[in-house]
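The structure appears below as structure tokens.
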Amino acid sequence: MTQLEQALLWAAIALYSISFVLFLWGIVFKKPALPGYGFRASAAAFALHTGAIAARWIATGHVPVMKTYENALSGVWFMVLVYFIMRRAFPLARSFGVAVMPLALLILGDGIRAGAVLQPLEPAYRSNWLYVHVFFAWCAFGGYVIAFAAGVLYLLKDWGRAEVFARLPELKLLDELSLRLILFGFMAEAVMTASGAIWAHGLWGRYWGWDPVETWSLVSWLIYGINIHLRVTLGWRGRRAAWLAIVSLGGVAFLYFGIGFVSKLHTSVF
Amino acid sequence: MRRFWLFLGSKKTAVYLLFAFTLTLALSTFLPSRITVSEKDWSRMEAESPAVFWFSEHFSTPQVVMHPVFVGVSVFLFLSTLTCTVVRVRVWLRLRKVEFEKDAAVSFRREVWCAGPPEDVRTDLLMRLRARRWGAEVSEDGPTVSAEKGLALGFWGSVVFHLGMVMCFFSAPVTALTVHRAEVRLTEGVPTRYADAVVEVEGGRATSIDDAILRLDDFWGKWHEGVYRVDFGGTLDIGGRATAFSVNRPVMHGGYSFEPRSFGYSPHLIIAGEKGEVFDYNLNLFRAKTGDSFPFEPGGGGEALRMFVLFFPDFDREGGRLVSRSEEPRNPVLLVKFHRGQEALHKGLLLAPGEEGEFQGYKVRFAALDRWIGMTVVREHGVYFIWAGLLLGVPALFVRFLSNERRLEFELLPQSGGTMVRLSGFSRYYPAFLEKEVIETADALLAGYRAK
């Protein structure tokens with residue numbers, strides 16, 4: 001990465017860390033003002049993060065979408081954006097920051113570990129379908145991750161006897177937000193999968209090849225499809241639904257972190 | 001038969017089938033397959049790990065999706081989806097409404113006492129609900145007032161989404177029945193009959209273009225800093241009609257799509273002896289870094305030699321070593337060596353385009369640097385079902401989940417000189433927010449009634 005990108009990104013990581021500490025401290029030690037500062041720190045981190053993306057975009061000449069590092073960089077940006085939007089629409093969801101910030105740090109850390117070599121856009125990526133496919137992939141990812149966070153907070157509040165857990169949002173709200181986020185992610189992943197298939201048809205002459213990444217995209221979509229059927233059709237709610245939201249993310253996590261080790265086929269071209 | 005129909009139309013059946021389908025796919029990806037492993041490693045696995053090889057050969061993803069059991073589950077899932085959808089539409093056509101009670105919709109209850117007879121409370125409730133744009137009606141037996149909002153779009157969104165999925169299911173058999181997919185290889189400037197250019201084919205023959213003459217011209221490639229290939233393309237002439245192409249911009253001809261997949265170098269080598277030319281071919285090179293080997297039989301049946309060819313796109317010397325500074329052909333040089341068995345017959349000829357060298361009385365000329373290109377040629381109709389399924393399914397999914405279907409029921413029972421109102425709320429997706437809305441609505445309605 002360039003020096004400017006490096007400086008901006010590390011500053012963003014520092015502020016995301018501070019934000020997490022402020023959220024956690026405010027909840028655990030009952031300091032109502034601290035989560036507000038935590039949000040401001042996360043907003044500042046988001047601005048610097050945006051700058052890092054812009055710096056990389058200028059250096060490479062393309063939107064950062066290739067390989068693990070760029071996917072982490074852009075994916076986390078979308079995840080934090082989804083959190084900000086949700087926070088604005090549902091003020092009671094403000095405390096989600098305590099779960100979103102550490103996830104952002106983990107994913108960015110994994111991306112940096114994978115290496116941030118500057119590369120031009122490969123021939124296969126030079127298509128308008130790229131923007132559709134990747135945009136909706138990130139929206140889905142952001143929705144699912146925050147639904148996972150809602151599930152974790154639900155279980156903590158449901159199990160925890162300590163006063164700190166009582167300060168988390170209402171169980172009903174957590175349950176419903178989790179469902180809404182899963183629905184949002186499901187819709188976005190449908191568009192992601194569809195656009196990927198159409199793109200593949202124009203690029204490789206087949207809309208589906210059962211390569212591991214394609215298969216796990218379908219598997220993760222079906223996992224959430226089962227999730228929704230269990231909740232809506234068979235009435236699963238509360239603790240069961242929270243566990244569903246947590247376990248379902250496993251499919252997406254494997255798709256994002258694990259399957260790349262199994263096969264380079266989806267991203268290696270020409 | 002009826003039991004089978006009920007079993008197929010059951011939502012639990014659909015969930016179990018979906019689970020089986022998903023689990024099978026997920027497990028299959030952990031096994032190596034011919035997609036993820038090279039031919040060499042596949043053969044090595046067969047020799048060194050026969051058990052893993054057997055499982056991979058039978059249960060890796062490309063194999064398991066064609067297994068009769070998996071295909072059977074898929075067909076069942078298709079039938080289940082279709083049956084559930086048809087049943088829901090039939091119920092709707094019969095009743096002209098969605099029965100909330102029969103779905104596992106979320107509900108909650110609240111009780112409030114009003115001073116006033118049930119008839120008065122009912123009349124007032126109906127008026128106030130309709131003023132707030134609820135579709136309110138009284139049950140036939142009198143005591144219940146029900147009101148609904150946001151129904152029709154959501155129901156039809158779900159139906160159309162599932163129909164979209166059913167359409168997508170059709171794509172697989174249609175593709176299997178109609179597909180022609182071939183890998184063709186063309187050398188720049190060399191007219192080739194389509195059937196002769198095919199190196200691999202799947203599905204039926206492309207009878208309408210088998211005899212078409214293809215020619216690749218005007219090849220271009222773009223590199224970034226001499227290392228990364230960022231784009232390539234050219235002009236493809238099919239039967240006299242030339243069309244420009246590049247990656248993501250295929251050529252369409254007669255319903256077939258010609259998509260560029262790969263390219264390499266194809267030096268044109270001419271070898272002439274005393275009696276004339278004995279070799280005049282383009283050598284399609286596939287092993288850029290390690291070199292390619294070709295047979296050379298100048299005597300036409302006499303002793304066979306082999307020609308080892310190594311191409312340097314950007315030739316340079318580092319001490320005694322021959323290297324290429326980049327992948328971009330800025331200073332192309334060809335190394336040609338002749339072997340008899342394992343024995344090298346001379347140190348090799350280094351030739352730039354247009355240059356000539358000598359070997360045992362033969363003149364070896366590097367006439368021109370051309371390219372070869374690999375293209376995938378496809379025609380199949382299954383993709384149209386994917387398009388149809390997606391154009392139906394995705395917008396329908398948005399409609400389904402954005403419509404907030406909910407229902408209120410007010411049961412009015414005479415009690416203690418007034419009316420006990422038992423309020424129930426039903427919402428498919430958003431119970432917490434419905435509860436808040438219902439409580440506010442009920443409070444406003446009942447406060448309004450009390451204020452009269």
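Chain identifiers are assigned alphabetically (A, B, ...) following the order of the sequence lines, protein sequences preceding nucleic acid strands; residue numbering begins at 1 within each chain.
Counting heavy atoms from C-beta on, the side chains of A:Trp210 and B:Ser33 never come closer than 4.5 Å. At a threshold of 4.5 Å between non-hydrogen side-chain atoms, the residues B:Asn248 and A:Leu203 count as touching. In this structure the side chain of B:Val378 never reaches within 4.5 angstrom of the side chain of A:Trp204, judged on heavy atoms.
Per-residue counts of heavy-atom pairs under 4.5 Å with chain A were compared for B:Val37, B:Thr22, B:Val15, B:Asp231; the largest is that of B:Thr22. Here B:Ser171 is the residue among B:Gly389, B:Ser171, B:Ala172, B:Ser60 with the most heavy-atom pairs under 4.5 Å with chain A. Most heavy-atom pairs under 4.5 Å with chain B: of the set A:Trp208, A:Trp129, A:Trp199, A:Phe186, this distinction falls to A:Phe186. Of the listed residues (B:Val394, B:Leu25, B:Thr175), the one with the most heavy-atom contacts under 4.5 Å to chain A is B:Leu25. Interface check for chain A: of the options B:Leu18, B:Val179, B:Thr376, B:Val377, the most heavy-atom pairs under 4.5 Å are formed by B:Leu18.
Residue A:Met187 holds its CE atom at 11.0 Å from CZ of B:Phe161, rounded to the nearest 0.5 Å. With values rounded to the nearest 0.5 angstrom, B:His224 atom NE2 is found 8.0 Å from A:Leu118 atom CG. Rounding to the nearest 0.5 Å places CZ of B:Phe21 at 6.0 Å from CG of A:Leu218.
Heavy atoms from other residues, nucleotides or ligands lying under 6.0 Å from CH2 of B:Trp220 number more than 12. Remark: B:Phe78 CZ is packed, more than 12 non-hydrogen atoms of other residues, nucleotides or ligands lying under 6.0 Å away. More than 12 heavy atoms of other residues, nucleotides or ligands sit less than 6.0 Å from atom CZ of B:Phe286. The local environment of CD in B:Glu200 is sparse, with at most 12 non-hydrogen atoms from other residues, nucleotides or ligands closer than 6.0 Å. A 6.0 Å sphere centred on CZ of B:Phe169 holds more than 12 heavy atoms belonging to other residues, nucleotides or ligands. Within a 6.0 Å sphere centred on CZ of B:Phe170, heavy atoms belonging to other residues, nucleotides or ligands number 12 at most.
In terms of heavy-atom proximity, A:Gly202 sits nearest to B:Pro250 at O-CG, 4.2 Å. Of all heavy-atom pairs spanning A:Arg126 and B:Val230, the tightest one is NE-O, 2.7 Å. Taking each heavy atom of B:Gly382 and A:Tyr207 in turn, the nearest pair found is C-CE2, 3.9 Å. A:His201 approaches B:Glu380 most closely through the heavy-atom pair NE2-OE2, 3.3 Å.
At a 4.5 Å heavy-atom cutoff, the contact between A:Ile198 and chain B is made by side-chain atoms alone. Interface residue B:Met165: only side-chain heavy atoms are found under 4.5 Å from chain A. Using a 4.5 Å cut-off between heavy atoms, A:Leu171 does not touch chain B at all.
The one candidate from A:Val219, A:Thr215, A:Val213 that meets the side chain to side chain contact (heavy atoms under 4.5 Å, CB included) condition with B:Thr29 is A:Thr215.
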With side-chain contact (heavy atoms from CB on, under 4.5 Å) as the test, would you mind laying out the steps for A:Val191 and B:Phe398 before giving the verdict? CA-CA 10 Å; A:Val191 180; B:Phe398 273 91; 4.1 Å; yes

